[in-house]
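First the structure, in the form of structure tokens, and then the observations on it.
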Amino acid sequence: MAKTGNPVPDLRVLPDRFLPHRYAGASGDFNPIHVDPESARALGQPSNILHGLYMMTVMARAVAEVGDGDPRRLKRLAVEFKAPGFPEKELSVQGRVREVEDGVAQVEAKLVQDGGDVVEGKAEVSAKA
Amino acid sequence: MEKSWPAVDYEVGREKIREFVEAVQERHAIHIDPKAARKAGFRDLVAPPMFAVVYTHRSLWPAIEDPEVGIDLSKMLHVGQDFRWSAPVCAGDVITTETELADVQEGRKKATYTFESRAHNDRGDETVHATWTMMVLGG
């Protein structure tokens, strides 16, 4: 079981150019800001942006590793979307176990791209499935 | 303003789980191989936690797009998300989700809308309690 101060195991992913299109199909969210660079530019973004909920899946995978990667142990994940994320740039998760109480690890994590925090999150990972 | 919308059903399909798992590059075998899922004690292929987005989608969107709520989608930013998971979701489950608008905070330059979705499976067990926070910029 995780101990206080343990880091979240390193996770880095490189979302490819068409990841937002595959996530749109999988999730049902076809908002043009995610799939059409021109629409995104009209809204003031340099290009189409990643779905926030896709970025949250990356964080969910990383923090679940605190429970040995068993997805059943992830009981809660609450995030704030701080800045847009972009395809074709690496995302990495950094985090640590803040405390462990009654068999539940309280985890703090952030998702970083280009040196900036794009998502901040708090998770609860249980010792049992 | 507070408002709720009728419950919406979603039938979880194996291939939809696989499509989602492939898109988000989940690696755990219980999401990919029904035999591995059964060996781990599940009825069938297990949806990853974030699959909650897929089965609650149909319940959330009528709420966000309701003219009575009055959100301008072109000015909406998804600023926060909270998922509290309970029973696992497997292929073959029928998940029923209800969404309500729980809170609206209106400021001078922005408004913040909080939607709550609660979902349960066809055995009556809650699968997820989701809180969606949307900020709408402008007057």
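Chain letters run A, B, ... following the sequence lines, proteins first and then strands; every chain starts at 1. Worth saying up front: this structure is predicted, and the values here are computed from it rather than measured.
Within the 3.5 Å criterion, the main-chain N or O of B:Glu68 finds a donor-acceptor partner in the side chain of B:Asp66.
The candidate from A:Glu124, A:Arg22, A:Lys122, A:Arg72 with the greatest count of non-hydrogen atom pairs under 4.5 Å with chain B is A:Arg72. Among A:Gly25, A:Ala60, A:Pro15, A:Gly52, the residue with the largest count of heavy-atom pairs under 4.5 Å with chain B is A:Gly25. Note on A:Lys75, A:Glu120, A:Lys82: by heavy-atom pairs under 4.5 Å with chain B, the leading option is A:Lys75. Between chain A and the residues B:Val79, B:Thr133, B:Val128, the most heavy-atom pairs under 4.5 angstrom are made by B:Val79. Of the listed residues (B:Val21, B:Val54, B:Val24), the greatest number of heavy-atom pairs within a distance under 4.5 Å of chain A belongs to B:Val24.
For B:Gln25, the parts lying under 4.5 angstrom from a heavy atom of chain A are both the backbone and the side chain. Residue contact with chain B, scored on non-hydrogen atoms closer than 4.5 Å, involves the backbone and the side chain of A:Leu53 alike. With a threshold of 4.5 angstrom between heavy atoms, A:Leu77 approaches chain B through its backbone and through its side chain. Residue B:His129: no heavy atom, backbone or side chain, is found under 4.5 Å from chain A. Looking at B:His57, only its side chain comes within 4.5 Å of chain A, counting heavy atoms on both sides. Of the atoms belonging to A:Tyr23, heavy atoms from both backbone and side chain fall under 4.5 Å from chain B. For B:Leu77, no part lies near chain A; criterion is any non-hydrogen pair under 4.5 Å. When heavy atoms are compared at a cutoff of 4.5 Å, B:Pro49 approaches chain A solely by way of its side chain, counted from C-beta outward.
A donor-acceptor pair shorter than 3.5 Å cannot be found between the side chains of A:Glu99 and A:Thr4. With no hydrogens or angles considered, no side-chain donor-acceptor pair links B:Thr127 and B:Asn121 at under 3.5 Å. A donor-acceptor contact closer than 3.5 angstrom links the side chains of B:Trp132 and B:Ser117. Checking B:Thr99 against B:Ser59 by side-chain atom types alone, a donor-acceptor pair falls below 3.5 Å.
The number of heavy-atom neighbours closer than 6.0 Å to NZ of A:Lys89, taken from other residues, nucleotides and ligands shown, is 12 or below. Remark: B:Lys16 NZ is packed, more than 12 non-hydrogen atoms of other residues, nucleotides or ligands lying under 6.0 Å away. Shown here is A:Arg17, whose CZ atom has no more than 12 heavy atoms of other residues, nucleotides or ligands within 6.0 Å.
In this structure, A:Gln106 and A:Val104 have side chains that are in contact, with non-hydrogen atoms separated by less than 4.5 Å.
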